Amino acid sequence: MSTHNTPSSSSSSSQPLLLPSNYDPPPVYEIPSEDPVSTPESPVKQEEEKKNVDSFLRLSWYCARILLLSEFILLGSAGNMVYLVYAGAAPKSVPCVGDGFTIPDICKIPKEDRSNFTCTYQPEYEFYSLNVEFKYFCEETSTVKMTVSFQMAGILFGALFWGFFADAKGRRLALMITFSVTIVLSILNAMVTSLIMFNVVRTIHAFFNGGALIVYGVYKMEHVPRQHRFLISSLIAWAPNYILITILAWLSRDWRTYQLVIVAASLPAFPFFYFTYESPRWLIQRGKIQEARIVLERMQEIDGVSEAKREDMQKMIDEEHEKFLARERKAKNYNITHLFRHADMALATMILSIGVMITSMIGYGLMFNLETLSGSLYLNSIYLGLMRWALNITTGIVDFKVKWAGRKLFHTIGQGIVAIGLFMLGWTHLNGKEHGMEEVVRISTLFSAAFVSQTFISKGMLAMEYFPTVVRNSAMSFKTTFSRLGAVIAPQIFLLPLPWMPYAFLCILALIDTAAFLIFIPETKGKPLPETMPEKKKKGTNNLANLPIQSQNQFQKA
């Protein structure tokens, strides 16, 4: 395999995986000086400090390979997630043409009176969807909308299974399996001949697609330097891909072609599997020290790192090997139950999981009803994608430049604006003004759906940084299970009898989630990714809100 000798600036030293109890970490993003001097307060020179995997990650050539692989996987997986926005879109209207008369929209006539007319349905649509091909019109469009619930149920179980699989067998292997099977099932999905066949194939497809979505994020973030995590999450995110997905839908115009176009767009991921390796962080945690040594050495060669830095890396791996052997003496197989064996982690797990379920209910509920808004479905989708991307880039830059702007601040702002938008939607429907204030409904919906993206990113980033490596995929899978549960529930919420009720209900949930996240979840910005489980909490320690995340770096298996 060819290597690159492009020089790369050295990254700042990270905190060690196992810190002494009296260690006082430097401020966020503080870079140690090049020539540290011993002082009475700091008798140990900084170059002698222990290092961890974070110390050898840089935004360079190898990381670029990981990010390109992640982008193509996300493009395909996200495309399949929002596929039903178009494939399940109801016709704009259903004119009925008879002998000498035309009814502009048969759906506006009560169902019991439609049998009095002998006419031919000629639906008007922007996208040739399942509804049009299989003739599900008017109230029957809800039958196709139920496909969303089937798909999300498949993703729910897929996220759980493949998260555990990735923790046990490796991130890269899980990605290769899920992505490959998803491609095959996508091609099969484009050939089905009935809605029942579609639902069966789509549910199995979702099982693997859910795995790709949950594992790709962990694999990506375990290779990104911590100071760039939020910015990268904002650039390689749903928002820009949502714009691409909308353009692909506009070019395709029908649900079968659209599925094959998504496949073609994501196929470049396959070559990148050959040029990337397993996560060294996972290899170390699984005791595969020699493999981790080889992978990190290759990463350093690709990035053109100096020989001195490589020697530091080898020393770090040897130290990690010693830690692994020490842990092996009281070896433990970690599983989802370990998320609840420490009070603080259990509380954080539930707040994050329930919170992401609420966010998912809001996001998917609004997204899968975009065709009900005034204006073009494609343009509304483009506007939504542009708004999300602009927000992502802005918050990513602010996060990188402003030290005190952390995950909790962005989450509070994002979810707060979502709550305001939902309140406006509930108010217009409560007062029967949704038809006279179409633009207010349109803007409120798009803004709410756009800022949902920020709450998703904030929750996902904080969860990625909060949970230790040994249970990170299990934690993300557990959280994602709740997210998919929210997506399963979302279509049902919008079937509530009164039109204002879904928005009022979701608005209240958004406010509760905002308060819980702000009060009980610790800030994680700029902290090293924790590797092992925390010590059991002693009496007299502060509550979760006051517990800084660096206390989790004093990790030790119970």
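What you see is a predicted model, and the numbers here were worked out from it, not measured in a lab.
Classification of the Phe198-Tyr83 ring pair by plane angle, with boundaries at 30° and 60°, yields parallel. Taking the six-membered ring for Trp and thresholds of 30 and 60 degrees, Phe273 and Phe270 have ring planes inclined between 30 and 60 degrees apart. Between Phe134 and Tyr136, the angle of the ring planes goes over 60°, which puts this pair in the perpendicular group of the 30/60° scheme.
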Phe517 vs Leu462, side-chain contact (heavy atoms from CB on, under 4.5 Å): CA-CA, chis, key distance, verdict: CA-CA 11 Å; Phe517 194 93; Leu462 191 142; 3.9 Å; yes
side-chain contact (heavy atoms from CB on, under 4.5 Å) assessment of Met501 paired with Ile493: CA-CA 9 Å; Met501 290 179 68; Ile493 292 177; over 6 Å; no
side-chain contact (heavy atoms from CB on, under 4.5 Å) assessment of Ile247 paired with Ile382: CA-CA 8 Å; Ile247 293 173; Ile382 291 288; 4.1 Å; yes
Evaluation steps, side-chain contact (heavy atoms from CB on, under 4.5 Å), between Phe467 and Thr349: CA-CA 9 Å; Phe467 292 103; Thr349 299; 3.3 Å; yes
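The shortest distance between side-chain heavy atoms of Tyr466 and Arg407 does not fall below 4.5 Å. Residues Trp162 and Ile177 meet the side-chain proximity criterion, which asks for heavy atoms closer than 4.5 Å. At least one side-chain heavy atom of Asn199 sits less than 4.5 Å from a side-chain heavy atom of Leu195. At least one side-chain heavy atom of Leu446 sits under 4.5 Å from a side-chain heavy atom of Leu370. With contacts defined as side-chain heavy-atom distances shorter than 4.5 Å, the pair Leu506/Phe494 qualifies. Within the 4.5 Å cutoff, no side-chain heavy atoms of Met424 are placed close to those of Phe447. Contact of the Tyr383 side chain with the Arg442 side chain is registered, since non-hydrogen atoms from C-beta on lie closer than 4.5 Å. Counting heavy atoms from C-beta on, the side chains of Tyr216 and Thr178 never come closer than 4.5 Å.
Between the side chains of Ser252 and Tyr86, no donor-acceptor pair of N or O atoms lies under 3.5 Å. Using modelled atom types, one finds no donor on one side chain facing an acceptor on the other under 3.5 Å when comparing Glu140 with Asn131. Of the N and O atoms on the side chains of Ser186 and His205, at least one donor lies less than 3.5 Å from an acceptor on the other residue. Side chains of Thr182 and Asn209: no donor on one and acceptor on the other come within 3.5 Å. Under 3.5 Å, the side chains of Glu222 and Trp282 contain no donor-acceptor pair of N or O atoms.
With Lys433 contributing its side chain and Thr428 its backbone, the two residues share no donor-acceptor pair below 3.5 Å. A side-chain donor-acceptor contact under 3.5 Å links Glu278 to the backbone of Arg172. Side-chain N or O atoms of Gln259 include none that pairs as donor or acceptor with a backbone N or O of Asn189 at under 3.5 Å. Ser444 places no side-chain N or O within 3.5 Å of a backbone atom of Val441 that could act as its donor or acceptor partner. A donor-acceptor distance shorter than 3.5 angstrom exists from the side chain of Thr141 to the backbone of Cys138, with no hydrogens or angles considered. Judged purely by atom type and a 3.5 angstrom limit, Lys479 has no side-chain atom pairing as donor or acceptor with the backbone of Leu352. Remark: side-chain polar atoms of Arg202 are not paired, donor with acceptor, to backbone N or O of Val148 under 3.5 angstrom. Judged by distance alone, the side chain of Ser448 and the main-chain N or O of Thr445 form no donor-acceptor pair under 3.5 Å. Remark: side-chain polar atoms of Ser376 are paired, donor with acceptor, to backbone N or O of Tyr378 under 3.5 angstrom.
With rounding to the nearest 0.5 angstrom, the CG atom of Leu430 is 12.5 Å from the CG atom of Leu425. To the nearest 0.5 Å, atom CD1 of residue Ile351 and atom NZ of residue Lys459 are 10.5 Å apart. Rounded to the nearest 0.5 angstrom, Glu133 CD and Tyr128 OH are separated by 4.5 Å. Going from atom CD1 of Ile73 over to atom CG of Asn241 covers 12.0 Å, rounded to the nearest 0.5 Å. Between Ile302 atom CD1 and Arg65 atom CZ the span is 4.0 Å, to the nearest 0.5 Å. The CD1 atom of Ile109 sits 4.0 Å away from the CD1 atom of Ile103 when rounded to the nearest 0.5 Å.
Of the residues listed (Ile393, Asp399, Thr395), the one engaging Ile397 in a side-chain contact (heavy atoms from CB on, under 4.5 Å) is Ile393, and it is the only one. Partner of Tyr62 under the ring-ring contact (aromatic ring centres under 6.0 Å, His included) criterion, chosen from Phe272, Phe275, Tyr277: Tyr277.
Nearest heavy-atom pair, Arg171 versus Ala166, reported as atom, atom and distance to 0.1 Å: NH1-O, 3.5 Å. Closest heavy-atom contact between Lys220 and Leu67: CG-CD2, 3.9 Å. Across all their heavy atoms, Met191 and Arg256 have their closest contact at C-NH1, 3.6 Å. Among all heavy-atom pairs drawn from Ser129 and Ala87, the shortest one is CB-O, 3.1 Å. Of all heavy-atom pairs spanning Ile362 and Val452, the tightest one is CG2-CG2, 3.7 Å. The shortest heavy-atom contact between Ala490 and Gly365 is CB-N, 3.7 Å.
Heavy-atom contacts from other residues, nucleotides or ligands closer than 6.0 Å to CZ of Phe423 number 12 or fewer. The neighbour count for Phe157 CZ, taken as heavy atoms of other residues, nucleotides or ligands under 6.0 Å away, does not exceed 12. Within 6.0 Å of the CG atom in Leu251, the count of heavy atoms belonging to other residues, nucleotides or ligands exceeds 12. Counting heavy atoms of neighbouring residues, nucleotides and ligands inside a 6.0 Å radius, atom CG of Asn116 exceeds 12 of them.
For an aromatic pair to be called close, the ring centres must be under 6.0 Å apart, and Phe179 with Phe72 fails this.
Salt-bridge formation is not detected for the pair Asp105/Lys92: no Lys NZ or Arg NE/NH1/NH2 atom is positioned less than 4.0 Å from an Asp or Glu carboxylate oxygen.
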